[in-house]
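Below: one structure, written as structure tokens.
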Amino acid sequence: MTVDTAMKRLHLISFGCQMNVYDSELMASAFKRRGYGVAETPEDADVILVNTCAVREHAEEKVFSHLGELRKHKGRRPDVLLGVTGCMAERMGREIARRAPYVDIVAGARSFGDILDLAAAARDHRGPVVSVGHDRPPPERDVSVRRDKYRAFIAVSRGCNHRCTFCVVPRTRGDEKGRALASIVREVEELVADGVVEVTLLGQNIDNYGVDRPEGEDLHHLLHACHAVDGLRRLRFVTSHPADMDPRIFDDMAELPKLCGALHIPPQSGSNTVLKRMARGYTREEYMDIVHEFRRRFPAGEVAADFIVGFPGETEADHEQSVSLLHEAGFQQSFIFRYSERPATTAARRLEDDVPLPVKAARNLHLLKAQEAVSIKKHKTMVGRTYELLVEGPSKKDPAMFTGRTRGNHIVHFPGGSELIGELAAVTITDFSPVTLRGVLAR
Ligand code: SAM
Ligand code: F3S
């Protein structure tokens with residue numbers, strides 16, 4: 001490949017959640033519009049952006065160690081602009097520039113819409129340019145800028161109106177702000193015209209979509225409007241909040257064939273005392289009512305979970321409640337996090353982080369093992385059955401195999417052909433491991 005030396009290039013490193021992947025694509029869109037190309041490595045870049053997460057302390061430490069690496073590079077090429085964006089930038093602001101004085105731009109999760117202006121200001125300034133605490137509209141998306149050819153995320157709302165006592169997101173992303181339904185549908189149409197077949201709608205609490213919209217649109221309307229886009233094959237949405245689930249969404253799942261029967265609905269804990277201290281706004285029983293109703297209506301549907309282990313005051317008995325909830329709900333997948341105290345959250349102010357690290361680690365492992373047992377049991381029942389896969393590409397471990405995802409989010413490897421990439425294929429399951437399945441094309 002010949003390198004056009006006149007063209008400036010952006011290298012973007014994204015940590016954290018799917019919303020960050022999306023926000024990174026928006027920033028890359030802004031730079032593309034300004035004539036920037038993509039730098040595959042920091043060495044080839046004129047601007048390097050690190051889009052960050054603040055949900056756990058570990059995520060922030062990872063960013064600082066990454067910045068340490070980039071510092072060496074900046075030493076060799078001082079003209080390169082280095083920026084930190086996202087939730088950690090929003091939370092820490094100028095503190096980042098103090099700890100990493102070689103950083104040129106700090107743009108919080110609410111002001112990355114100004115990233116081009118901030119980069120221009122950083123070129124003119126001697127010191128770092130810091131922008132936090134301002135709500136700026138995000139850049140317009142250029143749909144050709146995305147990491148996956150056939151699947152795409154779309155943020156339908158930003159921020160969160162809940163105040164879970166452990167969570168830093170309402171502080172870093174602010175209160176919930178929904179996008180106009182018409183602009184979301186336009187983005188789906190543009191993505192589909194550019195080859196996307198599966199869209200995942202993103203919100204911190206997607207059930208609440210529309211609460212602040214003057215036109216009164218809600219998730220139910222949004223799902224119908226997106227589903228109507230010709231050429232779209234699959235539609236998903238995350239993350240559901242157990243206290244806000246709208247029962248009409250199950251009707252939508254039954255009615256709309258492109259809408260996948262998959263819920264990501266974090267319980268966080270199976271203990272009512274812990275849920276109360278977390279201020280989650282539901283009980284274990286209410287949570288399980290939702291799961292049971294979902295299973296009653298969609299026996300082939302799948303539910304994914306998030307758990308926090310070692311929340312302040314969590315006893316062994318509380319933890320056992322999380323283990324039993326995991327078994328009772330039969331999750332397809334569980335994301336398990338050790339509680340990490342986040343500055344300025346209610347939990348940090350009022351509750352002592354009193355579960356020792358080795359206990360958190362042991363509970364984490366225990367829940368992982370429980371999920372493994374549930375997955376093996378589930379995978380066994382899938383052998384011999386045929387599932388619709390969206391074929392994503394060659395398997396990373398074995399290029400002779402192809403990888404796809406079922407509507408319930410199971411990853412399946414099968415010997416296939418490259419002509420199936422981006423297509424829906426029927427695959428019969430033949431074998432499994434705790435995390436993935438193997439299959440053959442159905443005849
Ligand atoms: N909006 C989502 C919801 O409804 O719960 C969660 C957003 S949060 C970015 C993703 C996950 O990180 C949470 O579900 C929770 O399990 C975990 N998490 C959030 N704050 C945490 C903390 N202080 N320590 C450990 N895990 C945390
Ligand atoms: Fe955080 Fe709770 Fe909202 S986990 S993103 S405050 S629903």
Side-chain angles (χ1 to χ4, degrees), residues 14-23 51-62 86-88 90-91 109-110 153 155-178 200-209 211 219 237-245 263-270 274-282 287 290 303-314 322 325-326 331 333-353 355 357 360-361 363-364 367-368 371:
S14 201
F15 288 93
C17 63
Q18 294 161 334
M19 188 71 87
N20 264 13
V21 173
Y22 178 75
D23 288 350
N51 197 17
T52 62
C53 170
V55 168
R56 284 166 293 279
E57 190 183 358
H58 177 65
E60 296 186 342
E61 287 312 317
K62 239 169 53 188
C87 284
M88 175 182 160
E90 188 72 46
R91 190 186 81 71
R110 295 155 79 172
F153 299 123
V156 304
S157 59
R158 291 176 176 281
C160 184
N161 291 348
H162 280 278
R163 294 293 179 265
C164 303
T165 54
F166 53 79
C167 186
V168 78
V169 171
R171 181 160 164 236
T172 58
R173 292 196 176 263
D175 282 337
E176 182 170 333
K177 289 161 288 294
T200 303
L201 305 175
L202 298 178
Q204 293 298 341
N205 174 9
I206 196 136
D207 315 271
N208 235 9
Y209 167 73
V211 276
L219 181 60
F237 61 91
V238 286
T239 308
S240 296
H241 193 290
D244 294 330
M245 273 229 52
L263 284 183
H264 183 181
I265 184 163
Q268 310 295 1
S269 170
V274 173
L275 287 172
K276 201 157 183 192
R277 276 203 297 277
M278 289 177 163
R280 288 287 289 177
Y282 53 86
Y287 181 86
I290 298 172
V303 186
D306 293 356
F307 284 98
I308 294 179
V309 293
F311 187 74
E314 187 191 62
S322 292
L325 180 115
L326 189 153
F331 295 117
Q333 197 178 11
S334 291
F335 300 94
I336 300 155
F337 307 105
R338 298 173 199 182
Y339 172 67
S340 167
E341 187 176 273
R342 302 287 51 220
T345 55
T346 306
R349 280 198 305 269
R350 300 205 188 134
L351 304 169
E352 193 193 337
D353 183 8
V355 179
L357 199 57
K360 286 180 184 169
R363 289 180 187 170
N364 189 350
L367 270 182
L368 280 173
Q371 179 58 52

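Each ligand, and each atom within it, is numbered from 1 in the order the structure gives. Hydrogens, waters and symmetry mates are skipped; everything else that's a heavy atom, side chains included, is used.
One distance of note links NE2 of H162 with CG of N205; it measures 4.5 Å at 0.5 Å rounding. One finds the OH atom of Y339 at 12.5 Å from the CD atom of Q268 (value rounded to the nearest 0.5 Å). To the nearest 0.5 Å, atom SG of residue C164 and atom CG of residue L275 are 10.0 Å apart. Atom-to-atom distance recorded for E60:CD and T52:OG1 is 7.5 Å, nearest 0.5 angstrom. To the nearest 0.5 Å, atom CE of residue M88 and atom CD of residue E61 are 7.5 Å apart.
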Stepwise side-chain contact (heavy atoms from CB on, under 4.5 Å) test for V156 and L202: CA-CA 6 Å; V156 304; L202 298 178; over 6 Å; no
Please evaluate residues T165 and R350 with respect to the criterion side-chain contact (heavy atoms from CB on, under 4.5 Å), reporting the C-alpha separation (whole Å), side-chain torsions for both, the decisive distance (0.1 Å), and the verdict. CA-CA 9 Å; T165 54; R350 300 205 188 134; over 6 Å; no
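Backbone and side-chain nitrogen or oxygen atoms of F166 are examined, and one is located within less than 3.5 angstrom of a nitrogen or oxygen of ligand 1. For ligand 1, the polar-atom distance check finds an N/O of S340 within less than 3.5 Å of one of the ligand's N/O atoms. Taking distance alone, with nitrogen or oxygen atoms compared against 3.5 Å, Q204 approaches ligand 1 more closely than that limit.
Those atoms of ligand 2 that come under 4.0 Å of a heavy atom in F166, given as number and element, are 4 (S). Using a 4.0 Å cut-off to heavy atoms of P170, the atoms of ligand 2 that qualify are 6 (S). Here is the list of ligand 1 atoms found below 4.0 Å of a heavy atom in R56: 12 (O), 17 (C), 18 (N), 24 (N), 25 (C), 26 (N), 27 (C). Atoms of ligand 1 lying under 4.0 Å from at least one heavy atom of Y339, given by number and element, are 24 (N), 25 (C). Less than 4.0 angstrom separates some heavy atom of V169 from each of these atoms of ligand 2: 5 (S). For ligand 2, the atoms lying closer than 4.0 Å to a non-hydrogen atom of R280 are 2 (Fe), 4 (S), 7 (S).
Shortest contact from atom 3 (Fe) of ligand 2 to any protein heavy atom: C160 SG, 2.3 Å. The shortest contact between atom 16 (O) of ligand 1 and any protein heavy atom is with Q268 OE1, 2.7 Å. Here the protein heavy atom with the shortest distance to atom 1 (Fe) of ligand 2 is C167 SG, 2.3 Å. The protein atom (non-hydrogen) at minimum distance from atom 2 (Fe) of ligand 2 is C164 SG, 2.3 Å. Of all protein heavy atoms, the one closest to atom 25 (C) of ligand 1 is R338 O, 3.3 Å. The protein heavy atom nearest to atom 3 (C) of ligand 1 is P266 CG, 3.9 Å.
Figure legend: cation-pi geometry between R56 and F337, with NZ or CZ positioned under 6.0 Å from the six-membered ring centre and within 45° of its axis.
Between M19 and D23 the shortest side-chain heavy-atom distance falls below 4.5 Å. You'll find the side chain of T346 stays beyond 4.5 Å of the side chain of F166, heavy atoms only. Counting heavy atoms from C-beta on, the side chains of P266 and R280 come closer than 4.5 Å.
For the pair E341 and ligand 1, no heavy-atom separation below 4.0 Å is found.
Ring geometry, H241 versus Y282: the interplanar angle exceeds 60°, so the pair is classed perpendicular (tilted spans 30 to 60°).
Nearest heavy atoms, Y209 versus G178: CE1-CA, 4.3 Å.
Residue-level proximity to ligand 2 for Q204 is carried by the side chain, the only part with a heavy atom below 4.0 angstrom. Heavy atoms of H162 found under 4.0 angstrom from ligand 1: none, in either backbone or side chain. At a 4.0 Å heavy-atom cut-off, ligand 1 touches F337 through the side chain alone. When non-hydrogen atoms are compared, ligand 1 lies under 4.0 Å from the side chain of R342 (C-beta onward) but not from its backbone. Contacts of R280 with ligand 1, taken as heavy-atom pairs under 4.0 Å, involve the side chain alone.
The option with the heavy atom closest to atom 9 (C) of ligand 1, from among D306, V55, N205, D207, is V55.
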